[in-house]
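Since the structure comes first, as structure tokens, the remarks are kept for the end.
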Amino acid sequence: MIAHVQGDAGFSIDAVLDTTALVLILIGALLCLTAAIGLLRFHDVPTRLHAATKPQVLGFLLICLAIALSVRSWAAVAFLVPIALIQLATAPLSAHMVGRQAYRNRTLDEDAMYVDELRDKDTDPR
């Protein structure tokens, strides 16, 4: 049987971890909701890519952290770490690929771009 550790104020460490997990899930869900709203509301590819990658990845990582705190198992942590690493690796890569394809298709608003680093480069994918 696992003994519950209580501090001077009468709070158990389990209650603190559960409350922290609840707050992290709430913040992560709000960030993912913000990303979804940004995908619907923003009008061009670069701003949609920003909404699809940054708040969504941070929200996902906070939810993974909350799950690890809630489950309190090394097996869960060992399962969540590769998932988080794959998410960190694939989200920026896919956003970069979508952005480059939008540039090649000329579907970007060129007047809104301050700097066009690809203008003088060969855009041939070979």
Side-chain angles (χ1 to χ4, degrees):
M1 182 182 292
I2 299 173
H4 293 284
V5 179
Q6 292 187 350
D8 295 335
F11 294 112
S12 70
I13 194 76
D14 291 335
V16 172
L17 289 176
D18 286 340
T19 304
T20 304
L22 180 68
V23 169
L24 288 174
I25 285 181
L26 179 64
I27 294 170
L30 285 174
L31 283 169
C32 290
L33 177 66
T34 303
I37 291 171
L39 281 174
L40 295 174
R41 300 282 305 205
F42 290 147
H43 63 283
D44 61 343
V45 174
T47 54
R48 284 183 179 175
L49 287 176
H50 178 78
T53 54
K54 295 190 187 209
Q56 187 272 333
V57 170
L58 181 60
F60 178 77
L61 291 176
L62 289 177
I63 290 172
C64 284
L65 182 62
I67 291 170
L69 285 176
S70 178
V71 174
R72 295 181 194 92
S73 165
W74 286 110
V77 171
F79 185 73
L80 290 171
V81 166
I83 292 173
L85 291 175
I86 289 169
Q87 180 71 23
L88 283 173
T90 57
L93 182 67
S94 63
H96 175 77
M97 291 174 61
V98 170
R100 287 289 290 230
Q101 190 60 39
Y103 183 83
R104 286 184 182 136
N105 291 340
R106 302 282 186 223
T107 56
L108 294 176
D109 183 15
E110 293 181 13
D111 296 332
M113 294 184 353
Y114 294 112
V115 176
D116 187 2
E117 295 175 351
L118 299 175
R119 181 178 310 170
D120 297 331
K121 293 183 180 179
D122 184 19
T123 58
D124 189 14
R126 288 183 267 149

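Sorted by first and then second residue, the side chain to side chain donor-acceptor pair (under 3.5 Å) pairs with a member in residues 63-74 read Asp18-Arg72; sequence neighbours excluded. Residue pairs meeting the side chain to side chain donor-acceptor pair (under 3.5 Å) criterion with at least one member in residues 77-89, sequence neighbours excluded: Gln56-Gln87.
By the rule that hydrophobic residues join a cluster once side-chain heavy atoms approach within less than 4.5 Å of another member, Leu88 and Leu65 end up as members of separate clusters. Note on Ile83 and Ile67: separate hydrophobic clusters, where clusters join Ile, Leu, Val, Met, Phe, Trp and Tyr whose side-chain heavy atoms are under 4.5 Å apart, directly or indirectly. Cluster annotation: Val98 and Tyr103 are assigned to the same hydrophobic cluster (Ile/Leu/Val/Met/Phe/Trp/Tyr, side-chain heavy-atom contacts under 4.5 Å, transitive). The cluster map of Ile, Leu, Val, Met, Phe, Trp and Tyr, joined by side-chain heavy atoms under 4.5 Å apart, puts Leu39 and Val57 in different clusters.
Ala68 and Val77 get closest at one heavy-atom pair: CB-CG2, 3.9 Å. Across Ala84 and Leu61, no two heavy atoms sit closer than the pair CB-CD2, 3.4 Å. Among all heavy-atom pairs drawn from Ala95 and Leu49, the shortest one is O-CD1, 3.4 Å.
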If you look only at distance, which donor and acceptor atoms sit under 3.5 Å apart when one is on a side chain in residues 22-38 and the other is two or more places apart or in another chain?
from	atom 1	to	atom 2	distance (Å)
Thr34	OG1	Leu30	O	2.7

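Interatomic distance, CD1 of Ile63 versus CG of Leu58, reported as 10.0 Å (0.5 Å rounding).
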